Amino acid sequence: MEPFNSKYQSKAVNIIDLFSLGFGTVAGAAIFFVSIAATYEVFMRKCFDKPTVWVFEASLFVMMWFVLLAASYAVRERRQIVADILISRLPESCSLALGIAANVLALVFAGIVGYYGSHTCVAAYQGNITSIGLLQYPKWILYFVFPLTMGMLFLQVFRNILPDIKLLAALKKDLGAQAISIVTVLFGFVAGIAIGVYFIYVAPVTGIIILALCFIFGGVPVGFALGMTGIIGMFANFGEFQSLTMVPIIIEKTLHNFILLAVPLFIMGGVILSKCGIGERIYDMASKWSGSFPGGLSIATIMACALVSAMVGVSTAVAGAIGLIAIPQLLANKYTKELSYGSVAGGALGVLIPPSAGLIVYGFLTNTSVATLFAAAFVPAAILVGFFCIYVFFSSILTGSYQKVSFTIKQKITATQNASLGILAPGIVLGGIYTGIFTPTEAAAVFVVYSMLTAIIYRQISWEKFIDILKESALLGSSIMMIMIGAMILAHLVAHLRIPRQLAEWIVTSGFSHTIVIACLLLMYVFLGMFLDGLAITVLTIPVIYPLMPVLGIDVIVFGVVLMVFVEMALITPPVGLNLFMVQAITKDDLWTVAKGNLPFALMMFIVAVILLFYPGISLWLPEILSTG
């Protein structure tokens, strides 16, 4: 018979998991509601000149609840964004021990945010504080999200720790000699944190770097790692516990933002399209039109990736959607593994091609027009896609490793008709932005509604698939936005320490030419891209580099596009290229083979980035035409 305590412990675990799943599903449903409400707002404003008074405020309210509600679900699924370059190469027992330590830090983060968020909620209730806007409501209702969601996050993290501890104990029993290495790894991790904390007090910049890197490479989810670095720095430099009352305020300022609302909305639209067979239809169309050329199927893969990137905005999702369809066909038609893998992982340009989640985040961090950034990325993205196609064409001719596939005109037209609704999506979204019909965030909402209508027309949606879409959208959207939360907490510390200004003064007085400084920045991005996720690179560096751009003579729009090219490069450079891992998961091939096929694509990205810096007019040409037109 199962022991009494064990039986009730099992029930408690199941209840925690069930609540986290429910929170994630509700979060996904909430963001879907926002898409419908924002589309309704556009319709009423443009067709009847009757804008609503509630959609804007309600959308921001939902945004804050969405991100924090889904956080525990992402933890439940163990799908937070983690830089696992180090822990993935350690013995299982050591990586498990570091995972437990990382979860303990996540507990601390959830506890701090929940505790001080509760104080904020109570203060708003006692002070009878209401929101400032057309739709007024008591602010304590908004702030109640902190104790509720952070309490759930705390329980879910704690629930994850328990089985990990049991598994670690079992491994130690079987592999007794490894107990020493576990202690060594944990001691090194704790020692690194202690050194970072020491330097936070005596040399804050050095301490921030040590702590952030220690947390990130120790396997702490990036959002929690950045957040904890900021919290420790605030505690050490701004009045200890009193300074932490700013944490929930920073989170509110980050999430209560209409620009960033576009990120989870575009992600949801992309999830709908990827789960409803739109990518398959687009690849089928591209392959039928280009299959008869040398390297035709590989060119079709690149073109399909570009078209899907113009809908999804997340490169790894594009690589997964197209890779599952394209790689088996490429290999079956005698294309080399390297070219097949490179066409998928390298061709997935979701971060660069608008609508790009990366450009939205960059626009938020630099207070730059997202529509202008989208326009600036068009020509560079087209140049990059052109480079890829030319490389594939001549590479296939030189190696002879391809097989022509011919189709009739009727088959080509039928395939185009089948994919027509999917192809129209980016045109509707971007056309609406540049004609002034809707803002980028409203465009994202329209994109969600359009994607759902497309799925219904294609008869590719069911209730089960719809629920799956809600959960997946909540998981991906929340994981990205939790990084933004952590980054903004850290950015608050960086700003108050006046680090950007000190760095700018050092550059001005150092005597180094601007060319040398810019070259060092590019090398830094190449190096960071080998180890960190693109979003983490953006939110870590831009708050510091943005104030330096006038000093270095860099246009903020051009640098945003260049940065996205480097982020794309980071996704296909080992050892932490997420697109490489996606292709590896699809093919089950070794990482070196996958990476080798992507090296030419990474080199082309680097060349394009350098060209854009020397010839900024390439990026600025289209925004200037649109602004004067």
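Source: prediction; values computed, not measured. In what follows, residues are counted from 1 in the order of the sequence shown.
Scored by the side-chain contact (heavy atoms from CB on, under 4.5 Å) test, T372 finds S369, I557, P623 as partners (sequence neighbours excluded). Take T441 and apply the side-chain contact (heavy atoms from CB on, under 4.5 Å) test, not counting sequence neighbours, and it matches F258, L261, A262, L265, T439. Here L470 pairs with A29, F32, M268, F466, I467 under the side-chain contact (heavy atoms from CB on, under 4.5 Å) rule; sequence neighbours left out. Applying the ring pair (Phe, Tyr, Trp, His ring centres under 6.0 Å) test to F43 and every residue at least two apart in sequence or in another chain returns F48. Checked against side-chain contact (heavy atoms from CB on, under 4.5 Å), T435 has the following partners two or more places apart in sequence or in another chain: I437.
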Would you list the atom pairs, donor with acceptor, under 3.5 Å between side chains in residues 559-571 and any protein atom, with sequence neighbours excluded?
| unit_1 | atom_1 | unit_2 | atom_2 | d |
| --- | --- | --- | --- | --- |
| E568 | OE1 | S315 | OG | 2.9 |
| E568 | OE2 | S315 | OG | 2.9 |
| E568 | OE2 | G350 | N | 3.3 |
| E568 | OE2 | V351 | N | 2.7 |
| E568 | OE2 | L352 | N | 3.0 |

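Put simply, CD1 on I618 and CD1 on I383 are 5.0 Å apart, with the number rounded to the nearest 0.5 Å. Between S478 atom OG and Q80 atom CD the span is 9.0 Å, to the nearest 0.5 Å. Here M452 contributes atom CE and Q460 contributes atom CD; the two are 12.5 Å apart, rounded to the nearest 0.5 Å. Distance check: K412 NZ to S290 OG gives 9.0 Å after rounding to the nearest 0.5 Å. A distance of 14.0 Å separates NZ of K275 from OG of S451, quoted to the nearest 0.5 Å. Atom OG1 of T573 is separated from atom CE of M605 by 9.5 Å, given to the nearest 0.5 angstrom.
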Please evaluate residues F388 and F601 with respect to the criterion ring-ring contact (aromatic ring centres under 6.0 Å, His included), reporting the C-alpha separation (whole Å), side-chain torsions for both, the decisive distance (0.1 Å), and the verdict.
CA-CA 7 Å; F388 291 168; F601 292 86; 4.9 Å; yes
Would you please test Y525 and T541 for side-chain contact (heavy atoms from CB on, under 4.5 Å) and show each step?
CA-CA 9 Å; Y525 277 117; T541 60; 2.8 Å; yes
Assess the residue pair L339 and T336 against the criterion (side-chain contact (heavy atoms from CB on, under 4.5 Å)); give the C-alpha distance rounded to whole Å, side-chain angles, the decisive distance to 0.1 Å, and a yes or no.
CA-CA 5 Å; L339 193 62; T336 63; 3.3 Å; yes
Take V222 and M482, measure what side-chain contact (heavy atoms from CB on, under 4.5 Å) needs, and give me the verdict at the end.
CA-CA 8 Å; V222 176; M482 286 301 292; over 6 Å; no
Could you give me the CA-CA distance, side-chain angles and deciding distance for V67 and I251, then say whether side-chain contact (heavy atoms from CB on, under 4.5 Å) is met?
CA-CA 11 Å; V67 173; I251 294 174; over 6 Å; no
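If you run side-chain contact (heavy atoms from CB on, under 4.5 Å) between V361 and each of I542, I259, V539, only V539 comes through.
No more than 12 heavy-atom neighbours from other residues, nucleotides or ligands sit within 6.0 angstrom of CZ on F293. Counted within 6.0 Å of CD on E472, heavy atoms from surrounding residues, nucleotides or ligands total more than 12; the atom is thus considered enclosed. Remark: K337 NZ is loosely packed, at most 12 non-hydrogen atoms of other residues, nucleotides or ligands lying under 6.0 Å away. Within a 6.0 Å sphere centred on NZ of K465, other residues, nucleotides and ligands contribute more than 12 heavy atoms.
A donor-acceptor contact shorter than 3.5 Å links the side chain of Y434 to the backbone of A375. Remark: side-chain polar atoms of S395 are not paired, donor with acceptor, to backbone N or O of F393 under 3.5 angstrom. In this structure a side-chain-to-backbone donor-acceptor pair under 3.5 Å is present from N598 to G346. Between the side chain of D468 and the backbone N or O of E464 there is no donor-acceptor pair closer than 3.5 Å. Under the 3.5 Å distance criterion, the side-chain polar atoms of Y283 are left unmatched by any main-chain donor or acceptor of I278. Put simply, the side chain of R79 never gets that close to the backbone of A74: no donor and acceptor are under 3.5 Å apart. Counting only distance, with no hydrogens or angles, the side chain of E624 and the backbone of W621 share no donor-acceptor pair below 3.5 Å. The closest donor-acceptor contact from the side chain of S287 to the backbone of D284 lies under 3.5 Å.
With contacts defined as side-chain heavy-atom distances shorter than 4.5 Å, the pair I461/I469 qualifies. The closest side-chain heavy-atom distance from K596 to Y341 is not below 4.5 Å. Residues I360 and P440 have side chains not in contact (no heavy-atom distance under 4.5 Å, counting atoms from C-beta outward). At least one side-chain heavy atom of V263 sits less than 4.5 Å from a side-chain heavy atom of M481. Inter-residue side-chain proximity for L68 and F23 is flagged as unmet; no heavy-atom pair is nearer than 4.5 Å. At a threshold of 4.5 Å between non-hydrogen side-chain atoms, the residues I353 and F378 do not count as touching. Taking the side chain as every heavy atom from C-beta outward, I327 and L331 approach each other to under 4.5 Å. Counting heavy atoms from C-beta outward, S340 and V344 have side chains that stay 4.5 Å or more apart.
A pairwise comparison of heavy atoms in P380 and S619 identifies CG-OG, 3.5 Å as the closest pair. Residue G422 comes nearest to Y458 through the heavy atom pair N-OH, 4.0 Å, listed as atom of the first residue, atom of the second, then distance. Summarising the geometry of L430 relative to P355, their closest heavy-atom pair is CD2-N, 4.5 Å, with the distance given to 0.1 Å. Nearest heavy-atom pair, G296 versus Y335, reported as atom, atom and distance to 0.1 Å: N-OH, 3.1 Å. Among all heavy-atom pairs drawn from V62 and I31, the shortest one is CG1-N, 4.2 Å. Residues R76 and D17 share a closest heavy-atom pair of NE-O, 3.0 Å.
Looking at D49 and R45, no side-chain N of the basic residue comes within less than 4.0 Å of a carboxylate O on the acidic one, giving no salt bridge. Salt bridge status for E41 with K50: absent, with no side-chain N to carboxylate O gap under 4.0 Å.
For the pair K288 and F407, the distance from NZ or CZ to the six-membered ring centre is under 6.0 Å and the angle to the ring normal is within 45 degrees.
Of the N and O atoms on the side chains of W65 and T149, not one donor lies less than 3.5 Å from an acceptor on the other residue. A side-chain donor from one of N160 and Q156 sits under 3.5 Å from a side-chain acceptor of the other.
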